[in-house]
Amino acid sequence: MEKSKWMEMYRIMRLIRLVEQRINDEYKYDEIKTPIHLSIGQEAVAAGVCIHLRKDDYIFGTHRSHSQYIAKGGDIKKMIAELYLRKTGCARGRGGSMHLVDPEVGILGSSAIVGGNIPLGTGTALASKLLNNDRVTVVFFGDGAVDEGTFHESLNFAALKKLPVVYVCENNFYAINSHQLSRQVGDNIYKWAQNYGMPGFQIDGNDVLEVSDYAEKAISRCRNGEGPTLIECLTYRWKGHIGTVDDVGEGYRPREEYEYWVSKCPIKRFSEFLKDQGVLTDELIKKIDQEIYDLIEEAFSFAQNSPKPSPDELMDFVYAD
Amino acid sequence: MEKSKWMEMYRIMRLIRLVEQRINDEYKYDEIKTPIHLSIGQEAVAAGVCIHLRKDDYIFGTHRSHSQYIAKGGDIKKMIAELYLRKTGCARGRGGSMHLVDPEVGILGSSAIVGGNIPLGTGTALASKLLNNDRVTVVFFGDGAVDEGTFHESLNFAALKKLPVVYVCENNFYAINSHQLSRQVGDNIYKWAQNYGMPGFQIDGNDVLEVSDYAEKAISRCRNGEGPTLIECLTYRWKGHIGTVDDVGEGYRPREEYEYWVSKCPIKRFSEFLKDQGVLTDELIKKIDQEIYDLIEEAFSFAQNSPKPSPDELMDFVYAD
Amino acid sequence: MPWTTVQVEKLDNFFIMGDHTGDRVLTYRDALREALDQSLARDPRVFIMGEGVDDVAGVFGTTKGLKEKYGANRVFDTPIAENSMTGIAVGAAMAGLRPIFIHARMDFLLLSLDQLVNHASKWCYMFGGKVKVPLVVRTISARGWGSGAQHSQCIQGMLMNVPGLKIVAPATPYDAKGLMISAIIDNNPVLFVEHRWLHKTTGYVPEEVYSIPIGKGVIHRRGEDVTIVAVSYMLVEALKAAEKLQESGISAEVIDPRTLKPLDEKILVESVAKTGRLIIADTGCKTGSVASEIAAVAAEKAFHFLKKPIKRVCCPDTPTPTSDVLEKAFYPTAEDIFAEAVSLVRE
Amino acid sequence: MPWTTVQVEKLDNFFIMGDHTGDRVLTYRDALREALDQSLARDPRVFIMGEGVDDVAGVFGTTKGLKEKYGANRVFDTPIAENSMTGIAVGAAMAGLRPIFIHARMDFLLLSLDQLVNHASKWCYMFGGKVKVPLVVRTISARGWGSGAQHSQCIQGMLMNVPGLKIVAPATPYDAKGLMISAIIDNNPVLFVEHRWLHKTTGYVPEEVYSIPIGKGVIHRRGEDVTIVAVSYMLVEALKAAEKLQESGISAEVIDPRTLKPLDEKILVESVAKTGRLIIADTGCKTGSVASEIAAVAAEKAFHFLKKPIKRVCCPDTPTPTSDVLEKAFYPTAEDIFAEAVSLVRE
Ligand SMILES: Cc1ncc(C[n+]2csc(CCOP(=O)(O)OP(=O)(O)O)c2C)c(N)n1
Ligand SMILES: Cc1ncc(C[n+]2csc(CCOP(=O)(O)OP(=O)(O)O)c2C)c(N)n1
Ligand SMILES: [Mg+2]
Ligand SMILES: [Mg+2]
């Protein structure tokens, strides 16, 4: 990987983190009237994967998809406006945080039904095959989605037809409060790939270089018509499942587990690496942060000053023309 | 296995075969006004598995379940009467061939929805666990059912909870006219078990002794609280998917394939073995057949002479009291 | 051979005039096949997927030979995994293709409602119109020969409650072809409701490509005394009933809404304005049926024209029995429509 | 914390009198919890399964502490696999247990309709009454705070078309407890329809175990001029509307059918016989709604009593928008009921 891409990945991870933190901070004012699921702690996955995607490649996300939208190059102003449910939002205020979209960069939507996006992304990959183009699809989903039959049904079909799709499981070990081991036998999601005759890997989802590495290979396999890959990225969400609540401690996630993962912060780790490599300095960090803060400021102010949809638009878009 | 059970298995296989043949012969008279799916060629699976089940164990079948009903000890008269859609039928004429039932011997029904019975059998096994009894459930299903998400969802749950259920896949390579390899990646259904941490085997489903062997172990594992097993039995149906039609030759199944499997007739094979062992003779074969013919004759005559339901019973049983 | 063929082959060859005349008579099945054939030919984005769509039987003949003609990329068999296959079709539609997904039985649609209802039908709205899902889902309801509770359902009534979905249920060969073409060129998910007993009906069908507006019903027979709105196969029974009513001196107007959602309320209200009496015949179970919805619309919008209670002629609220005797008791026929009409007009 | 809590906490604390008085006031949520608690205590066959039923939040508090009390065998979390989990509950029911399966959102029910409709609801009939499926499926519909198209559906209308299924939708704490107990002791699959905004309503609830007959509605307020039939949460809006109508000199009769299937037709017809005017308020989208079914029944069986068109007050036929402004336009309220009633009575 070229070093220029390192900096881009860093910037994207940082952008995701700071956007999420700002959302977190603003949420208490009750102006973001939509459920939010923050990706803080999981930034490396989206960043490491999307860096290898072209604008015309497709991604599909879930309820927790801010990071992927940002990494794929979705318009930040329209994203924040969507969270504020404004007419200028990427889904014109009809979708909210769980339903981000930006077709211009291949984001065809995300589904808040667990497992629901896996067939959809398999379908865009089918389209690439039938249209004989080399567009790749990446489907992002959680460990929870692996519980659903759609996971298997889709992987089977993709493997059978050798479709250009990369399945990226962001395994953060929890579905709401339910631990992976209380829902699944074993903790090796990547192994399912084997039986479908596709490559499958379990990797450190907090190591953006490792993610990028595996993603690059998987994506180029897709472009070469060699079929799908499953990548299980082990990672961790810092915030509670939903909103800005805390779910660490008694009856929830163990504090040690939480602290362990916070210590493995993907951004800290990568920035240390970049510093070691001599391409990142404290000064540069500040500069990049400042650029990002400006961008975020602009996006929030755009959003907050945008008009809301008007009630008489209620029936628009039920059907496409 | 005691030798007395050999003869019982032989008798059951022969019973299945002759019942099916008689149904096949009678179907042209249009008095069996229900779709039928014959099990000729697949007799060893049901016979080899059910020989180890107690009366109070449960089985669930599919659209193709005559063999299992018979092997589990379902009432033959009521079965034939059900095919003739009589009031005396096991489902009182409401079910037909695809929906046989006999709760007295643990047959709680069968589903004509592919993959539909796998959760149900997993559920009765859950009940055994919650009730802390040692009843075992066997779910029979085809290779087609493995395409459905319910297969994975159910196996995962059964493994997670260590439920006393044996999943028996009768892999006859076809779902209607669709070959396994045009629907699935690979031809190793049994391998799925591995990832669920349960034993899985692919065995010769036309060898009743092998079936019986593996089934016995799986069932005793269940009784001992050691959890589920998946057994994939390779076998073959001689008749077309449905009714009495022929689907061999041009555009359908290759004739050589068909002939190969007919040459591997499970009954011929087992009877030769039994003869070798000196427990079966031509005379005995004749005697057993005659007993079976009498039983069949009785069942068909019972069925044909039974009354049909009357129209005013239409609304009965929509709800249980 | 699918078993319902046994039953279908025994049916009378029912000819439906339709609102088109000409000299080419086709069966409903062949009309459908022609619509698919012509659509595959004219639009490279169209493709067909589903269990057995490429096999010798070709979904009761409706896809026969299409794989040979258009290749295995455009007409292909799928694993038995209705929910994900639907979602895969939806994804392909989002990427600009025009998939036609086929369920050989409407019962199997129940496995796929997550993708159809939670996803396909909501996508356009949920994303402010930015992504479209031009998808056709064909479902075929069986009847008779002991199809039984899991292989004979007519659940179009359930789907009426789904915003964002269009539902068409053509009853004539002419409508079958025209509405199939409309469904394919429509930019929304369209549920295409077929009834196995219609596959054999015949009628005039033009050779050229034509479409029929979604959302427009048709008057099949004009009359003064009573309006019979008939859904899908019930049109055949309604036309038979109307014929018999004529002999008894009762003039029935027979309407086929063709599109169930969005419903042609105008044709309904205008007819009731004339006759003052309304019978609705549907192939599904009565409660929660399409007939219920039509009755509600009439009670809301045509109330002042109504002289008599609205009558629904549907299957009773029971799973389909397998027994031939009970099947006969279960399915409403021309006789039932006739009897209701007589009592509405005479009493 | 489930996000709709944000919204629910902002609601007024609505007290519903119900047909019971006493001195113990409970919330709907606590009434439900008590019904579950008492049922687990009295019948060892009862157990609860579903995503998160054993977690700290306890499905909005309705299952809180039950795992601790009855053990992890009887109150347990499941994988996210709604269709099979439903089938597993069905199988356990066939083997003699009495499972209660919970969906935290009604939207997820759509994933499980194969098992609920093709299997659970048909089993008793399909096998001539030989196997029963005593199953309760709880579903909770959300509303507000941008729940959006995939997390706020009220699809009880779809389920009306399913023979063999019973559907209850209690609106008061008293009914919630009584109908939960009835649903558990019933030998059939019962869909238990809850609305998140009802969880906070309060009312009198007796401490002892009691059941409410499935299939019987209740008159919440007697009146002469117009009948308002209100489904689930719409009862709250209907009672508010009735209050306001009273002030305008219009006397409204408010009926809660409580059971949606089988419907209490008698209470409906008798009320319409008295008032001659009918408004039906449902929480779902209008087309194919429970309101449509009730309208059809009234148009069939109470036609001669009706003086005015039947009115349905429902959500429009669009997926739920996320925008707060559009949500406000989307959901019908007491105002809408009030306006319809005024126009029916005055015009
Ligand atoms: C079909 C379905 N069932 C249940 C839910 C409720 N739900 C929302 S998010 C979630 C957990 C998802 O966990 P995971 O897939 O691991 O994603 P994560 O939240 O960890 O990113 C659940 C169960 C849902 N949205 N869809
Ligand atoms: C959910 C569902 N989809 C499709 C069908 C139509 N169908 C009936 S039998 C069958 C093939 C089943 O094949 P398999 O499971 O291998 O069983 P076999 O007939 O070989 O015994 C299909 C697809 C169905 N009954 N249910
Ligand atoms: Mg997770
Ligand atoms: Mg098979």
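- Chain C forms more heavy-atom pairs under 4.5 Å with one residue of Ala302(D), Ala149(D), Cys315(D) than with any other, namely Ala149(D).
- When heavy atoms are compared at a cutoff of 4.5 Å, Ser121(D) approaches chain C solely by way of its backbone atoms N, CA, C and O.
- Identified by a heavy-atom distance below 4.5 Å to chain D, the contributing residues of residues 125-132 of chain C are Tyr125(C), Met126(C), in residue-number order.
- Heavy atoms of Leu306(C) lying under 4.5 Å from chain D belong to its backbone as well as its side chain.
- For Lys307(D), the NZ atom sits in a packed shell: over 12 heavy atoms of surrounding residues, nucleotides or ligands are nearer than 6.0 Å.
- When heavy atoms are compared at a cutoff of 4.5 Å, Cys314(D) does not approach chain C at all.
- Contacts from residues 337-345 of chain D to chain C, taken as heavy-atom pairs separated by less than 4.5 Å, involve no residues at all.
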Please determine whether side chain to side chain contact (heavy atoms under 4.5 Å, CB included) holds for the pair Met160(D) and Asn161(C), giving the CA-CA distance in whole Å, both sets of side-chain angles, and the decisive distance to 0.1 Å. CA-CA 10 Å; Met160(D) 293 296 279; Asn161(C) 194 227; over 6 Å; no

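- Contact of Pro316(C) with chain D is not made at all, since no heavy-atom distance falls under 4.5 Å.
- Looking at heavy atoms from C-beta onward, Lys301(D) lies out of side-chain contact with Pro309(C) at the 4.5 angstrom threshold.
- Using a 4.5 Å cut-off between heavy atoms, Thr322(D) does not touch chain C at all.
- Of the atoms belonging to Leu109(D), not a single heavy atom falls under 4.5 Å from chain C.
- Closest approach of Trp123(C) and Gln150(D) over heavy atoms only: CZ3-NE2, 4.3 Å.
- Residue-level contacts of residues 289-300 of chain D with chain C, in order of numbering, are Ser289(D), Ser292(D), Glu293(D), Ala295(D), Ala296(D), Val297(D), Ala299(D), Glu300(D); threshold 4.5 Å between heavy atoms.
- Of the listed residues (Thr287(D), Thr318(D), Leu116(D)), the greatest number of heavy-atom pairs within a distance under 4.5 Å of chain C belongs to Thr287(D).
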Stepwise side chain to side chain contact (heavy atoms under 4.5 Å, CB included) test for Glu82(D) and Asp114(C): CA-CA 11 Å; Glu82(D) 288 78 1; Asp114(C) 171 45; over 6 Å; no

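- For Asp186(C), the salt bridge (charged side-chain N to carboxylate O under 4.0 Å, His left out) criterion is met by Lys166(C), not counting sequence neighbours.
- A side-chain contact (heavy atoms from CB on, under 4.5 Å) with Leu111(C) is found for one member of Asn118(D), Leu111(D), Leu113(D) and no other, namely Asn118(D).
- Of the atoms belonging to Asn83(C), not a single heavy atom falls under 4.5 Å from chain D.
- A distance of 7.0 Å separates CD1 in Ile310(D) from CD1 in Ile310(C), rounded to the nearest 0.5 Å.
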Could you go through the side chain to side chain contact (heavy atoms under 4.5 Å, CB included) check for Gln153(D) and Val117(C) one step at a time? CA-CA 10 Å; Gln153(D) 291 169 83; Val117(C) 179; 3.8 Å; yes

